[in-house]
Peer 1: 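Here's a structure for you.
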Amino acid sequence: MERMRAFLHADEVHQAGIQGKNVTVCSLDSGAAADHPDFHGRICGFADFVNGRRECYDDASHGTHVLGIIGGDGRCSDGQYRGIAPACRLLPVKVLDRRGEGEMDDILRAIDWVIANIRRYQIRILNISVGGTRGELDAGVGMLVKKVEEAWDAGLVVVVAAGNQGTRPMSVTVPGNSKKVITVGSSDGFRRRNGSLADYSGCGPTRECVCKPDVVAPGTNIVSCAAFWSNGHYYGVKSGTSMSAPAIAGAIALLLEREPGLTNVEVKMRLRESAADLGYPHNRQGWGMPDLRKFV
């Protein structure tokens, strides 16, 4: 998280007093460990489309990790593993089971629920670190893309992961192939330590010839909140574009704290204007990596 915040220049924004206050970020994932101290008092609701439980929980830990990147406040690490928007409200929606797998119908129903509850929870941002290939999703591909675009048209800023099927063209996973939503790749998922290309972050263009991803953010070996802990070890390490997407979702929460009247299209254009070229081919980095000092 320190490296992620440093590359995005998030700490400078935090020092200016902007931390995502009064902005609700919803995340479709495996849930959340509601009793994690880094989320203290900021989980504003919960919905479970896997087991139908009412209490907030996470039996896979992936969702807790994602939420920690979005908005963990780092209190268990003296701020070392603080997330990108440490004061935002968090709304976990469970669509993945304990193995980190999900059903298409559950995801579609969950997005409908989010749209229906925009006003109730004052949701501004929807993070989806969930995706699949066309072969995995079959006929559901078009339905999922249509559904995330319905969420976008309802006014939500929808942020999705580019997937980990790269680096060949057309390896961005669904629903990251939607032309409307903000698709995020990993800025450090392209090269191994020896400099060779790695088959990690999904690359564009999509099969529909849409330029993707839109932006990138760090995604490798990210330390964030864990759902299961003992002896004071509250964090775990994960890698993937599932980690990159919530970094951008958190960044958008910072922006919307300062400029709450922005539309999702205006937010997307601000990302383009603030992105720094990392020197990768366009189909791997999109516009580049946002500099939050310029973005916010």
Peer 1: How far does CZ of R3 sit from CG of L8, to the nearest 0.5 angstrom?
Peer 2: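 That separation rounds to 10.0 Å.
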Peer 1: Looking only at non-hydrogen atoms, find the nearest pair between A110 and V95 and report the distance.
Peer 2: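 So the two residues come closest at CB-CG1, 3.4 Å.
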Peer 1: Do Y200 and D188 have side-chain atoms, one donor and one acceptor, less than 3.5 Å apart?
Peer 2: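 No donor-acceptor contact under 3.5 Å links the two side chains.
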Peer 1: Could I get the full list of side chain to side chain contact (heavy atoms under 4.5 Å, CB included) partners for S242, not counting sequence neighbours?
Peer 2: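 Side chain to side chain contact (heavy atoms under 4.5 Å, CB included) check on S242 returns H62, S129.
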Peer 1: Between F46 and W113, does the ring pair (Phe, Tyr, Trp, His ring centres under 6.0 Å) criterion hold? Intermediate values first, please.
Peer 2: CA-CA 11 Å; F46 175 67; W113 182 91; 9.0 Å; no
Peer 1: Run the side chain to side chain contact (heavy atoms under 4.5 Å, CB included) test on Y57 and D48 for me, step by step, so that the C-alpha distance in whole Å, both residues' side-chain angles and the decisive distance to 0.1 Å come before the verdict.
Peer 2: CA-CA 9 Å; Y57 71 103; D48 180 2; 2.7 Å; yes
Peer 1: Shared ILVMFWY cluster between L156 and M143, side chains joined below 4.5 angstrom?
Peer 2: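 Same hydrophobic cluster.
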Peer 1: Return yes if a side-chain donor-acceptor contact under 3.5 Å exists between E257 and Q19, otherwise no.
Peer 2: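 No, no side-chain donor-acceptor pair sits under 3.5 Å.
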Peer 1: Do R124 and T24 come within less than 4.5 Å of each other through their side chains, counting heavy atoms only?
Peer 2: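 With C-beta onward as the side chain, the pair stays apart.
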Peer 1: Under the rule for salt bridge (Lys or Arg N to Asp or Glu O under 4.0 Å), what residues qualify as partners of R98, not counting sequence neighbours?
Peer 2: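 Residues passing salt bridge (Lys or Arg N to Asp or Glu O under 4.0 Å) with R98: none at all.
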Peer 1: Does the side chain of C26 reach to within under 4.5 Å of the side chain of V93, using non-hydrogen atoms?
Peer 2: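 Counting from C-beta outward, C26 and V93 do come under 4.5 Å.
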Peer 1: Taking all heavy atoms of I125 and all of A249, pick out the closest pair and write down the distance.
Peer 2: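 Distance-wise, the nearest heavy atoms are CD1-O, 3.6 Å.
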Peer 1: My understanding is that only residues two or more places apart in sequence, or in another chain, count here; which of them pass salt bridge (Lys or Arg N to Asp or Glu O under 4.0 Å) with E149?
Peer 2: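 E149: no salt bridge (Lys or Arg N to Asp or Glu O under 4.0 Å) contacts found.
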Peer 1: Within this structure, what is the CD1-CD distance for the pair I18 and E12, rounded to the nearest 0.5 Å?
Peer 2: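 If we round to the nearest 0.5 Å, I18:CD1 and E12:CD are 12.0 Å apart.
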Peer 1: List the steps, then state whether side chain to side chain contact (heavy atoms under 4.5 Å, CB included) holds for T220 with I222.
Peer 2: CA-CA 6 Å; T220 302; I222 306 300; 5.9 Å; no
Peer 1: Is the ring pair Y234/W229 parallel, tilted or perpendicular, if the boundaries are 30 and 60 degrees?
Peer 2: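 The arrangement is tilted - the two ring planes meet at 30° to 60°.
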Peer 1: What pair of heavy atoms forms the shortest contact from P218 to S244, and how long is it?
Peer 2: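 Closest approach of P218 to S244, heavy atoms only: O-OG, 3.3 Å.
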Peer 1: Do T183 and K212 have side-chain atoms, one donor and one acceptor, less than 3.5 Å apart?
Peer 2: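 Yes, side-chain donor-acceptor contact under 3.5 Å.
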Peer 1: State which residues pass salt bridge (Lys or Arg N to Asp or Glu O under 4.0 Å) with R5; sequence neighbours excluded, sorted by chain then number.
Peer 2: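 Salt bridge (Lys or Arg N to Asp or Glu O under 4.0 Å) check on R5 returns D11.
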Peer 1: Is the closest side-chain heavy-atom distance between F49 and L108 below 4.5 Å?
Peer 2: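 A side-chain contact under 4.5 Å is absent here.
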Peer 1: Looking at every heavy atom in both A275 and W287, which two are closest together, and how far apart are they?
Peer 2: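 Looking at all heavy atoms of both residues, the shortest contact is CB-O, 3.4 Å.
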Peer 1: How close do V130 and P175 get, counting heavy atoms only, and between which atoms?
Peer 2: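 Answer, listing the atom of V130 first, then P175: O-CD, 3.6 Å.
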Peer 1: Just checking H282: does its NE2 atom have more than 12 heavy atoms from other residues, nucleotides or ligands closer to it than 6.0 angstrom?
Peer 2: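 Check passes, neighbour count above 12.
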Peer 1: What do the steps show when you test N177 against T206 for side-chain hydrogen bond (donor to acceptor under 3.5 Å, both in side chains), and what is the final call?
Peer 2: CA-CA 6 Å; N177 61 326; T206 69; 5.8 Å; no
Peer 1: Do V158 and V160 come within less than 4.5 Å of each other through their side chains, counting heavy atoms only?
Peer 2: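 A side-chain contact under 4.5 Å exists here.
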Peer 1: Which heavy atom of V223 sits nearest to which heavy atom of H65, and what is that distance?
Peer 2: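 For V223 and H65, the tightest heavy-atom pair comes out as C-NE2, 4.2 Å.
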Peer 1: Answer yes or no: does atom CG of D78 have more than 12 heavy-atom neighbours from other residues, nucleotides or ligands under 6.0 Å?
Peer 2: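 Open: at most 12 neighbouring heavy atoms sit under 6.0 Å from CG of D78.
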Peer 1: To the closest 0.5 Å, what do you measure between SG (C76) and NE2 (H40)?
Peer 2: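 So the SG of C76 and the NE2 of H40 are separated by 11.5 Å.
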Peer 1: Roughly how far, to the nearest 0.5 Å, is CG of L96 from CG of D59?
Peer 2: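 Rounded to the nearest 0.5 Å, the CG-CG separation comes to 9.5 Å.
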Peer 1: Begin from the C-alpha positions of I70 and N127 and carry the test side chain to side chain contact (heavy atoms under 4.5 Å, CB included) through to its verdict.
Peer 2: CA-CA 9 Å; I70 293 171; N127 182 82; 4.2 Å; yes
Peer 1: Taking it one step at a time, do Y81 and S224 satisfy side-chain hydrogen bond (donor to acceptor under 3.5 Å, both in side chains)?
Peer 2: CA-CA 6 Å; Y81 302 132; S224 183; over 6 Å; no
Peer 1: For residues S27 and D29, is any side-chain donor paired with an opposing acceptor at under 3.5 Å?
Peer 2: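 Looking only at side-chain atoms, D29 and S27 do not form any donor-acceptor pair under 3.5 Å.
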Peer 1: Which residues pass the side chain to side chain contact (heavy atoms under 4.5 Å, CB included) test with D97, not counting sequence neighbours?
Peer 2: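 Side chain to side chain contact (heavy atoms under 4.5 Å, CB included) list for D97, sorted by chain: V50, R99, E101.
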Peer 1: Could you state the interatomic distance from NZ (K268) to CG (L271), rounded to the nearest 0.5 Å?
Peer 2: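 The CG atom of L271 is 9.0 Å from NZ of K268, to the nearest 0.5 Å.
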Peer 1: Stepwise, does the side chain to side chain contact (heavy atoms under 4.5 Å, CB included) test hold for K179 with E208?
Peer 2: CA-CA 9 Å; K179 64 181 180 180; E208 297 79 16; over 6 Å; no
Peer 1: Is V237 reachable from F228 through a run of I, L, V, M, F, W or Y residues, each pair having side-chain heavy atoms under 4.5 Å apart?
Peer 2: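 No.
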Peer 1: Measuring only between side-chain heavy atoms, which start at C-beta, is I115 closer than 4.5 Å to I111?
Peer 2: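 Yes, at least one pair of side-chain atoms sits under 4.5 Å.
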Peer 1: Is it the case that the side chains of N164 and T241 hold a donor-acceptor pair, with the cut-off being a distance below 3.5 Å and no angle test?
Peer 2: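 There is such a pair between these side chains.
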Peer 1: Is there a path from V172 to V184 through hydrophobic residues (I, L, V, M, F, W, Y) whose side chains come within less than 4.5 Å of each other?
Peer 2: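 Different clusters: V172 never reaches V184 through Ile, Leu, Val, Met, Phe, Trp or Tyr contacts under 4.5 Å.
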Peer 1: Could you tell me whether the side chain of D73 and the main chain of R75 form a donor-acceptor pair under 3.5 Å?
Peer 2: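 At least one qualifying donor-acceptor pair exists.
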Peer 1: Begin from the C-alpha positions of S30 and D58 and carry the test side-chain hydrogen bond (donor to acceptor under 3.5 Å, both in side chains) through to its verdict.
Peer 2: CA-CA 6 Å; S30 62; D58 182 2; 2.8 Å; yes
Peer 1: Same cluster for M269 and V159 if Ile/Leu/Val/Met/Phe/Trp/Tyr side chains link at under 4.5 Å?
Peer 2: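 Yes, because M269 and V159 connect within a single hydrophobic cluster, where side-chain heavy atoms sit under 4.5 Å apart.
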Peer 1: Under 4.0 Å between a side-chain nitrogen and a carboxylate oxygen: does that hold for D38 and R82?
Peer 2: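 R82 and D38: not salt-bridged.
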Peer 1: Quick check on the hydrophobic clustering: are V210 and I248 connected, directly or via other members, by side-chain heavy-atom contacts under 4.5 Å?
Peer 2: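 Different hydrophobic clusters.
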Peer 1: Do Q122 and R89 have side chains that approach each other closer than 4.5 Å (heavy atoms only, starting at C-beta)?
Peer 2: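 In short, these two side chains touch, coming nearer than 4.5 Å.
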Peer 1: Could you grab the distance from atom NE2 of H36 to atom OH of Y235, nearest 0.5 Å is fine?
Peer 2: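 H36 atom NE2 to Y235 atom OH measures 5.5 Å (nearest 0.5 Å).
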Peer 1: Is the shortest heavy-atom distance from the side chain of L126 to the side chain of L28 under 4.5 Å?
Peer 2: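 The answer is yes; the side chains approach within 4.5 Å.
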Peer 1: Can you name the salt bridge (Lys or Arg N to Asp or Glu O under 4.0 Å) partners of R109, sequence neighbours left out?
Peer 2: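 Scan of R109 (salt bridge (Lys or Arg N to Asp or Glu O under 4.0 Å), adjacent residues dropped) gives D106.
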Peer 1: Give me the one residue out of L67, V25, L90 that meets side-chain contact (heavy atoms from CB on, under 4.5 Å) with R42.
Peer 2: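 For R42, the side-chain contact (heavy atoms from CB on, under 4.5 Å) check succeeds only for L90.
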Peer 1: So, do S171 and C203 sit near enough that their side-chain heavy atoms are less than 4.5 Å apart?
Peer 2: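 Yes, side chains in contact.
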